Amino acid sequence: MESVCVFCGSSSGVSPVYRDAARSLGHYLAKEGIRLVYGGASVGLMGELADAALESGAQITGVIPSFFSRKEIAHKGLTELHFVDSMHERKLKMAALSGGFIALPGGYGTMDEFFEMLTWTQLDLHQKPVGLLNTNGYFDLLIRFFDHMTGEGFVRDAHRQALLCADNAEELLEMMNKYQPLRLEKWLKRIKET
Ligand code: AMP
């Protein structure tokens with residue numbers, strides 16, 4: 001992957017482990033020569049991630065809605081910063097510019113962005129890997145819920161397996177690099193057969 005989009009909190013969380021994880025991911029992307037695409041803010045985990053990636057020499061593309069730039073405080077040091085007109089445009093642009101998606105711990109905004117990319121996987125609107133970086137077990141309950149959704153028949157096994165989860169950046173990136181896109185034709189055929 002030449003570029004990865006990272007979704008994460010505009011807050012930093014209570015424990016310093018979240019900041020450390022965002023910074024580690026930033027350093028790791030830089031070390032691997034992977035361009036970081038993210039929401040362009042300088043606050044919370046978003047800021048930590050971007051600062052660390054910049055310190056290690058990464059190329060970074062920020063995508064931020066114009067109306068947000070004051071509130072979220074657009075990062076000043078990025079390689080490039082795109083201003084867009086809406087949250088929808090932001091997500092579309094971040095998706096178009098990236099070879100894969102990672103969610104770090106965050107709040108509703110992070111979840112919204114992560115879920116949209118996951119549902120686009122399911123609909124075959126993109127064929128890029130989606131990963132959860134499960135720092136400090138932050139997503140344990142969500143992962144259990146995904147298994148529950150699958151067990152109860154609301155999420156297909158293939159779609160559950162398409163979501164990649166790891167507790168460190170190196171392992172997650174390795175899984176993402178090996179990711180094989182789902183074949184929607186097979187999925188549709190299975191639906192017809194059941
Ligand atoms: P949060 O995880 O809530 O701290 O938000 C992280 C990122 O998600 C920030 O870049 C926010 O701009 C973005 N965000 C916040 N609210 C929304 C929303 N309703 N829809 C999409 N993105 C959002």
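Order of appearance sets the numbers: ligands from 1, and atoms from 1 within every ligand. Nothing here was measured: the structure is a model prediction, and the numbers come from that model. Computed from heavy atoms alone, side chains included, the values below leave out hydrogens, waters and symmetry copies.
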List every atom of ligand 1 that sits less than 4.0 Å from any heavy atom of G9, numbering the atoms from 1 in the order shown and giving each element. 2 (O), 4 (O)
Does any N or O atom in G109 lie less than 3.5 angstrom from one in ligand 1, N or O only? yes
Report yes or no: does Y138 contribute a side-chain atom to a donor-acceptor pair with the main-chain N or O of L141 at less than 3.5 Å? no
Output the list of atoms in ligand 1 that are nearer than 4.0 Å to some heavy atom of G107, sorted by atom number. 1 (P), 2 (O), 3 (O)
One finds that the ligand 1 atoms under 4.0 Å from a non-hydrogen atom of T110 are 1 (P), 2 (O), 5 (O), 6 (C), 8 (O)
With a 4.0 Å cut-off on heavy atoms, is M111 touching ligand 1? no
Say whether, by atom type as modelled, one donor and one acceptor occur between the side chain of E89 and the main chain of D85 under 3.5 angstrom. yes
Using a heavy-atom cut-off of under 4.0 Å, does the side chain or the backbone of R90 touch ligand 1, or both, or neither? side chain
Checking the side chain of S98 only, and the main-chain atoms of V4 only, is there a donor and an acceptor separated by less than 3.5 Å? no
Go through ligand 1 atom by atom and flag the ones less than 4.0 Å from a non-hydrogen atom of S10. 1 (P), 4 (O), 5 (O), 6 (C)
Test applied, side-chain contact (heavy atoms from CB on, under 4.5 Å); reference residue, M94; option that passes from T61, V84, V37: V37
Non-hydrogen atom of C8 closer than 4.0 Å to ligand 1: yes
Counting from 1, what ligand 1 atoms have a heavy atom of E113 closer than 4.0 Å? 7 (C), 8 (O), 13 (C), 22 (N)
I need the contact type for D112 against ligand 1. Using non-hydrogen atoms and a strict under-4.0 Å cut-off, is it side chain, backbone, both or neither? side chain
Is R160 salt-bridged to D147, cutoff N-O under 4.0 Å? yes
I need the atoms of ligand 1 closer than 4.0 Å to a non-hydrogen atom of M46, numbered in the order shown. 9 (C), 10 (O)
How far apart are the closest heavy atoms of G13 and Y18, and which atoms are they? CA-CD1, 4.2 Å
Is it true that, when you exclude E170 itself, more than 12 heavy atoms of the residues, nucleotides or ligands shown sit nearer than 6.0 Å to its CD? no
Keeping D112 on the side-chain end and Y108 on the backbone end, is there a donor-acceptor pair under 3.5 Å? no
